[in-house]
Each structure stands twice: as structure tokens, then as C-alpha cells.
Amino acid sequence: MSGRGPIVKTRGGLLVAWAFLLVFGFELRTALGLFLGIDVPAVPYLGTLAVVLTLFAVLADFQRTSAQGEA
Amino acid sequence: MSVDQETFADRYPQEAELVRRAFLVAFTALGLGALFGIFQALHRTNVLRIIPSTDYYTALTAHGVLLAIVFTIFYLVGLYQWAVTRSLDRSPTNINFTRAWLTLMTVGSAITGVTILLGFVDQIGISADVLFTFYAPLQAHPLFYTGLVVFIIGTWLAGVDWFRTWLHWKQDNPDERIPLQTFMVLTTMIMWYIATIGVAIAVLFFLLPWSLGLIDTVNPLLTRTLFWFFGHPVVYFWLLPAYMLWYTVLPKLAGGRLFSDPLARVVFVLFVLLSTPVGIHHQYVDPGIAEGFKFIAMTNTMFLLLPSLLTAFTVVASMEHGARQRGGEGLFGWLTALPWRDPAFTGMALAGLMFAAGGFSGMINAGMNINYLIHNTLWVPGHFHLTVGTAVALTMMAGTYWLWPQLTNRRLYSRPIGLLQVVMWFGGMALMSNSMHVAGLYGVPRRTAEPQYAGFDFNTAFGSMAELNIQLAVGGTLLFVSTLLFLGNLTLSLGNPKVEGLGQSLPEPLSGAEDSPRVLDNMRLWAGIALVLVVLAYVLPLGAIIQNGGLFGTGGDAYPVSVLGTFDGLDAVLELLGVGR
């Protein structure tokens, strides 16, 4: 039996979540284009997606650090 | 391992040295192959042209052979040597024999590799621009085939070595079940022995004598069919080491245990049975093979989804178990409790995710009717860069982050660089394979330095071809940088001091071997059934090809659309047996 440890929330998780959601958003554009014929302009769409996801990541990290500080 | 803190290098120093040697060859090939990869990505998108277009096939052959044969298979033999030694807790019966097959493989790879690279030097007059799929009518210099023969003999002897070690272990432990990792090694090698029958016949009886001028012509359809007899199961030869890491190492990294040992055994047995009688699905548009035979190959291929789906279930269940052991809760909340900071875990998890996407595009390839839409387009490289290029390659790199300290007694130079490397691979491959898939749907061909024909514009459903080209070039560049980060990280690790206490054990599964029937360990039975299935799938098509075109004939009628028409294959078999119909 492996040792039961505390939940480990790391910036690694944030990085992976950020990359995963960016890829997911990117693939969503392909699906919209191929299945529905909706041509979403690449640069503004992907740029906005990256900025929004980065903001969420920074906020999540801030929230996590604050929670750890209070504990 | 009997002592928890002892590393593999402590307990088996000679074997660890051999594993490191195998990995050294594998990673050298990875670096060279990646270099040729970035050449191609930038060349065909017209971003940067370092080589002339006339050398494109040389670069493409080097990229394919170095990565798909040398990198993957040397990694496999290193990993499997580690796995057999570790799981049986036993050295090879004769370590010099182990050294001999590894040397043979290295020499064979060097001969083949140098022959390919000589294609860049026109003055020498030696070349092997035949691509990874080296069937006729493309012809290589005899040295290419000779190196390949030496290499494959080396892999056969590796299997002999592992079977011999297991048989000796069995004499000492007659009532024990085969340890899971050794079971995986043995089943993989049974599959390999069966698969390489095709390529051995193609090279020894046709391609090598043809390149030496001993025979004037070969039957191209016959050599293609023999190649694909080997060419499809070889993808599982690449994949099964990744499966071994997913089944036996990933659960530990996640903090838990393998969900089910019996399911893992069933999966490997299914690969032994089903991986070979499917190769004709690579030949859906080949004339000269009846549609009925292609239909049978398609049906068999669809059965192969079963072991992959079983794997997806078992591996995700093991990860969830690990996450819940670490305190993870909720329907999806457990995902946040996984060790995403660990490059070994993250690399394997992202590789598994990409494999699911590769499986979906693989189903398109495997469907007889829809395959015609994407045949010989850029879609196909898009597919296999997700499977062998990510599920296999990324898992191997991630697995190295875990194995390396145990093989060297040195810590990894940088785990954050490792994490960045695996995430960069994931992002780079998402960009590159996406552009390849989409471009393939627009009809952009594969295997050409000049995909944008003069005066011809591909119709796009959205975006533009220029955008897809940039996407491919950026993705390829990210992959190349990721490879450099991986190789640099490992190289710098060699400068770290040797330390103690890096040893790690692998936990027992939640449901162990005792929960499965002993018949699963009957290697003779599975090998026998696999051979019967291969005979059923291949005797009639091969018979028909030989009857129609002759053993060395250059052609034949591109006619048969139905197995039930003239049934030439059956006639050929009956003729060989001396029985009239």
C-alpha cells in the first residue's frame, strides 16, 4: 500500500492545466471550422485565449498561495 | 528489488551499464532523427531550406529509420533488459551473450544509418533513399539491407536471452506466476518473432538479392505485403514498452498501485494474437489484392481497439486510485491531487492523452471506405506523430526521467526543465499534428519536398494554407527544442555527483496475478493461436499475389475485387499442395 499523503497542489498542475486548456481551445477552433464551417480568426482568438488562461492561472496561483499563507 | 533503497545500478552494475549503452544509442538516434525532422518541417513549409529538395528523401529516410527503428527499439531493449532483470531479480544467464546481441544491434544500426547518410554525398555513389517503408520498387544499396539483417538478428537474440533467463528462473520457481514485467517482455517478443518473419523473407529472399544484382526483378506487391506483414505489428513493438511503463511505473508515480494485473496480461495476450493478421489494412488502395481480404484485415484491426480501450480504463483507474491515496476527492477533483510537478508522471499522462487522439485518427485510417479520403496525405504522418511520435516517444522520455537516477545513481539535473520539456512536446505536437491532419483533409500529400504544386491552390474549409504551414513549422520547432532540452538535461545529469538512496520499488497491483487463470501464462498456446490467425489472414492473399504476378514478376492484373470471384489464392495454395480443384 502506498503512503497516504496530503494533497500536493503545485505550479506543475497549473502549467499542465494551462497548456491543456490552450490546446483544447485550439482544437475547438479546428472543430468549429471543419464541422460547422465557422472561420474563427487565428491570431485574435488564440491570443485572447492565451491571455485569459494566463490570467486565470495567475489568479489561481495567487489564491493558492494566500490559502497556504493563512494556514 | 529486495532492498528498497538499493538502485538497479547498485544491485546489477553490469546490467545497468548495458541498459545505459542501449539508451545511449537510442538517444543519439533521437537527436539525429530530430535534426532531420526539423529540416523537413521547415523545408516543406518553405520557412527555411537548409538542404536541396533532391536530398529530401535522404533526410526523410534518416528521420524515419533513426526514430522509428533505432530510437524506439534500442530504448525497448534497454527497458526490457531492466524489466527482466528487475522483475525476476536475476542476472542474464550469460552476460557476454547479452553484450553480444547489443553489439550486433549497434553494428547493424551503424551500417544502415551510415548507408542512409551517405546519400547526402553524391560523389560516393551509395544511397538508401527508400524511406522507413523500404519495399520495392525503391531500391537501396545492399549495405542498407545488410545492416538491417544484422540489427534484426540482434533483436532475435535479445529475445532468446530473455526467454532463457525466464526458463532458468522457472526451474527455480516452478509454481510461481510469471512476474508481470517479464510476462510483458515475453509476449512482446513472441509478437516480434512472428512479425519479423515477413520482413526477413522480404529482405533475405527478394530485396537483398535484388540490390546485389543476383535477381533482376521482384514482385513489388509481394514485397509490399511482406513489409506490411511486419510493418503493422512493429507499431506495437514500439508501443508495448510504453504500455509497460504505463502499467507498472505510472501507477507508482501517481501514488498508488496498478488496478489489475490480470487485465494487463489479457491486453498483452490480445496484442500477440491480433497485431499481425491486420497488415493488409495498409494496402487498401493497392491493386492486386481482393477487397475481401482487405475487409478481413479491417475487421481484425477494429478488434485491436479492445486492448487499447482496456488499457485506457486500467491506467486511468490506477491513476485515480493513486490520486485518492494522496487525498484527492470528488468526481474530477482527484485530478488536482496528481503529481503534475513530476516530469515523469506528467509526460506519461500527456502521452496517454495524445494516444487517445491518435486512436481516433487511427480508426479513420483503418476504415476501408474513409481511408481513401486520407490515403497518402499529410493526415497519415499527423496520425503517427501522435502515436509513435508522442504516446511512445514522450512516454520513453518521461520514463527516462524516472529510470535515469536508478541506472546512474545520479539525480536528474533539473526537474523543472524536465517538466517544461514534456509540456513543450505536448504543445508542439498538438500544433504540428493538428496542421498535418487538417492539411491531409485538404488533400496535401505526404512524402514530398514540394507539397504546394505550382499554379495549384488547395481549398480550405477555414483559415488558410499559409496558416497551416506556420503552425506546422512552429510545432516542429517546439518539438526540436523539446528534444534538445531532454538530451541536455540528461547530459548535464552526468555531471551530478553519485549519491545513495535513489532506489525505488514498484508496488504490487491491487488485483494480482493470483486473480487470473494460469492459462494466461501459457506462452506456447498464445504463440500457436497467433500463428494460426496469421496463416488464416495471409496464406490466401499471398498465394493470389504469387499466382497472379509470380514470385519475381513485376506485375499482374490489378483486377480482383472479390474474394469469392476466381478465388485465386485458394487455387495457388492447392497448386502448391499438388491438389486440383
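Everything quoted here is computed from the prediction, not taken from an experiment. Naming: A, B, ... by sequence-line order, numbering from 1 per chain.
Heavy-atom neighbours of Gln63(A) CD from other residues, nucleotides or ligands within 6.0 Å: at or below the threshold of 12. Atom CH2 of Trp18(A) has 12 or fewer neighbouring heavy atoms from other residues, nucleotides or ligands inside a 6.0 Å radius. Applying the 6.0 Å contact sphere to CZ of Phe62(A) captures no more than 12 heavy atoms from other residues, nucleotides or ligands.
Taking non-hydrogen atoms and a 4.5 Å limit, the residue list of residues 40-48 of chain A in contact with chain B, ordered by number, reads Ala42(A). Proximity to chain B among residues 23-37 of chain A is limited to Val23(A), Phe26(A), Glu27(A), Arg29(A), Thr30(A), Gly33(A), Leu34(A), judged by heavy-atom separations below 4.5 angstrom.
Residue pairs satisfying the salt bridge (charged side-chain N to carboxylate O under 4.0 Å, His left out) criterion with at least one member in residues 413-436 of chain B, sequence neighbours excluded, are absent. Residue pairs meeting the salt bridge (charged side-chain N to carboxylate O under 4.0 Å, His left out) criterion with at least one partner in residues 39-61 of chain A, sequence neighbours excluded, are Arg11(A)-Asp61(A), Asp61(A)-Arg64(A).
Ranked by non-hydrogen atom pairs under 4.5 Å with chain A, the options His437(B), Gln471(B), Lys252(B) are led by Gln471(B).
Interface remark: Tyr442(B) contributes side-chain atoms only to the contact with chain A (heavy atom separation under 4.5 Å). Neither the backbone nor the side chain of Glu508(B) comes within contact range of chain A; no heavy atom of the residue lies under 4.5 Å from a heavy atom of that chain.
The side chain to side chain contact (heavy atoms under 4.5 Å, CB included) test with Val16(A) is passed by exactly one of Val422(B), Leu335(B), Val423(B): Val423(B).
Heavy atoms only, all atoms of each residue included: Phe426(B) and Phe20(A) are closest at CE2-CA, 3.9 Å.
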